[in-house]
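Remarks on the structure that follows.
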Amino acid sequence: QWQTNNTTGGDRHSIIVQPGAGFIFETWKALRKTTNWQAANGAIFNLNSNALRPDGYTSGDAAGFPMFPALVRYDECQRGVVEHACRLVVVKSRSEHIYPATHDAGSVAATETDYPAMGQRLRLKASFVIPANWTREEKALVTALKKYGAMVSDNSSSFFSISITPDDRWGNAFADIANAQIAITNFEVIQSNGPDAVPRSPGA
């Protein structure tokens, strides 16, 4: 309904998951016209394969990644464990992409290495102290950011942030994190390996 009644604003991503068939369909600038849907661009991801999109290809995300696997979901935070890297959007990125990203949409030159590239992995520093009074959801997210980190996936108009699924159950689950304003300086850059570098985890 929202997509039908609102024609402006935001990236208007759509995500369709078919676990039985093993596919994810993701789009950018989705819009419903009468009974049909249209989008500016998108991608199909085969969950039965670890193959990347061809170099230079974008997706619903600027980095060419699938969005769905990196979104933080309510059920995993309620369980107290987020077991994957997260989706990170930044205000400015440089015109370069790092494996496993396949595309970039940088607003500054590739030589400006103070800005992250698409695919850049950042990890919350081990020295970051998680307050004891934070919610279960916040602790689950921050613990994942310390272990798995986050990968730069797209640009934002005003702030860097971790992406979560739309879910009414969130409520004010992340109010403490928002008020604490975890800064980019609380993260460290992780050196990325290429597709042929070692060590590699089984099945990666």
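Numbering starts at 1 and runs along the sequence shown.
- For the pair M118/N155, a side-chain contact is recorded, criterion being any heavy-atom separation below 4.5 Å from C-beta on.
- When all heavy atoms of F160 and L88 are compared, the pair lying nearest together is CD1-CD1, 3.6 Å.
- A donor-acceptor pair under 3.5 Å is formed between the side chain of S59 and the backbone N or O of F65.
- In terms of the salt bridge (charged side-chain N to carboxylate O under 4.0 Å, His left out) criterion, R121 has no residue partners (sequence neighbours excluded).
- The closest donor-acceptor contact from the side chain of E96 to the backbone of A117 lies at 3.5 Å or more, if one exists at all.
- The closest side-chain heavy-atom distance from C77 to V82 is below 4.5 Å.
- Using a distance-only test at 3.5 Å, with no hydrogens or angles considered, a donor-acceptor pair links the side chain of R12 to the main chain of A30.
- Proximity of E26 to P66: side-chain heavy atoms (C-beta onward) are separated by under 4.5 Å at one or more points.
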Are K146 and L124 close enough, and set up right, to give a side chain to side chain contact (heavy atoms under 4.5 Å, CB included), and what steps lead you there?
CA-CA 5 Å; K146 282 188 170 189; L124 191 62; 4.0 Å; yes
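- The two residues A132 and K139 make their nearest non-hydrogen contact at O-NZ, 2.8 Å.
- In this structure, Q120 and M151 have side chains that are not in contact, with every pair of non-hydrogen atoms separated by 4.5 Å or more.
- In terms of the side chain to side chain donor-acceptor pair (under 3.5 Å) criterion, residue partners of R123 (sequence neighbours excluded) are, by chain and number, E188.
- Considering every non-hydrogen atom in both V152 and P116, the closest pair reads CG2-CB, 3.9 Å.
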Start with the C-alpha gap between I162 and F174, add the side-chain angles, then the distance that decides, and say whether side chain to side chain contact (heavy atoms under 4.5 Å, CB included) holds.
CA-CA 11 Å; I162 302 298; F174 296 114; over 6 Å; no
Full working for side chain to side chain contact (heavy atoms under 4.5 Å, CB included) between Y99 and L52:
CA-CA 10 Å; Y99 174 86; L52 299 178; 3.6 Å; yes
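- Counting only residues at least two apart or in different chains, ring pair (Phe, Tyr, Trp, His ring centres under 6.0 Å) contacts with residues 66-92 comprise Y74-W170.
- By the neighbour-count criterion of 12 heavy atoms within 6.0 Å, atom CG of N48 is densely surrounded, having more than that number from other residues, nucleotides or ligands.
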Step by step, would you call I182 with L145 a side chain to side chain contact (heavy atoms under 4.5 Å, CB included)?
CA-CA 12 Å; I182 300 175; L145 290 175; 5.9 Å; no
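- Annotation for M67 and D61: closest pair CG-OD2, 3.2 Å, computed over non-hydrogen atoms.
- Within the structure, no pair that satisfies the ring pair (Phe, Tyr, Trp, His ring centres under 6.0 Å) test touches residues 103-145, not counting sequence neighbours.
- The hydrophobic cluster containing I16, built from Ile/Leu/Val/Met/Phe/Trp/Tyr side-chain heavy atoms closer than 4.5 Å, also comprises F23, F25, I44.
- Side-chain contact between L71 and I164: absent, with no pair of heavy atoms (C-beta onward) separated by less than 4.5 Å.
- Not counting sequence neighbours, the partners of R169 by the side chain to side chain donor-acceptor pair (under 3.5 Å) test are D167.
- Counting only heavy atoms from C-beta outward, the side chains of I24 and L47 approach each other to under 4.5 Å.
- The two residues S93 and A105 come nearest to each other via the heavy atoms OG-O, 4.0 Å.
- Qualifying side chain to side chain donor-acceptor pair (under 3.5 Å) partners for T27, counting only residues two or more places apart in sequence or in other chains: S14.
- Although no hydrogens or angles enter the test, the distance criterion places no donor-acceptor pair under 3.5 Å between the side chain of N179 and the main chain of D176.
- Using a distance-only test at 3.5 Å, with no hydrogens or angles considered, a donor-acceptor pair links the side chain of T135 to the main chain of A173.
- Listed by first and then second residue, the salt bridge (Lys or Arg N to Asp or Glu O under 4.0 Å) pairs that reach into residues 51-60 come to none, sequence neighbours excluded.
- Considering all non-hydrogen atoms of both residues, D104 and H97 come closest at OD2-ND1, 2.8 Å.
- For A109, the side chain to side chain contact (heavy atoms under 4.5 Å, CB included) test picks out T111, E112, with sequence neighbours left out.
- Residues forming a salt bridge (charged side-chain N to carboxylate O under 4.0 Å, His left out) with E76 (at least two apart in sequence, or on another chain): R73.
- Using a 4.5 Å cut-off on side-chain heavy atoms (C-beta onward), N186 and K125 make no contact.
- The salt bridge (Lys or Arg N to Asp or Glu O under 4.0 Å) contacts involving residues 147-161 comprise R87-D154, where partners must be two or more places apart or lie in separate chains.
- Atom NZ in K92 sits 12.0 Å away from atom CG in D114 (nearest 0.5 Å).
- By the 6.0 Å contact criterion, CD on Q38 is enclosed, its count of non-hydrogen atoms from other residues, nucleotides or ligands being greater than 12.
- The side chain to side chain donor-acceptor pair (under 3.5 Å) test applied to E83 returns no partner, not counting sequence neighbours.
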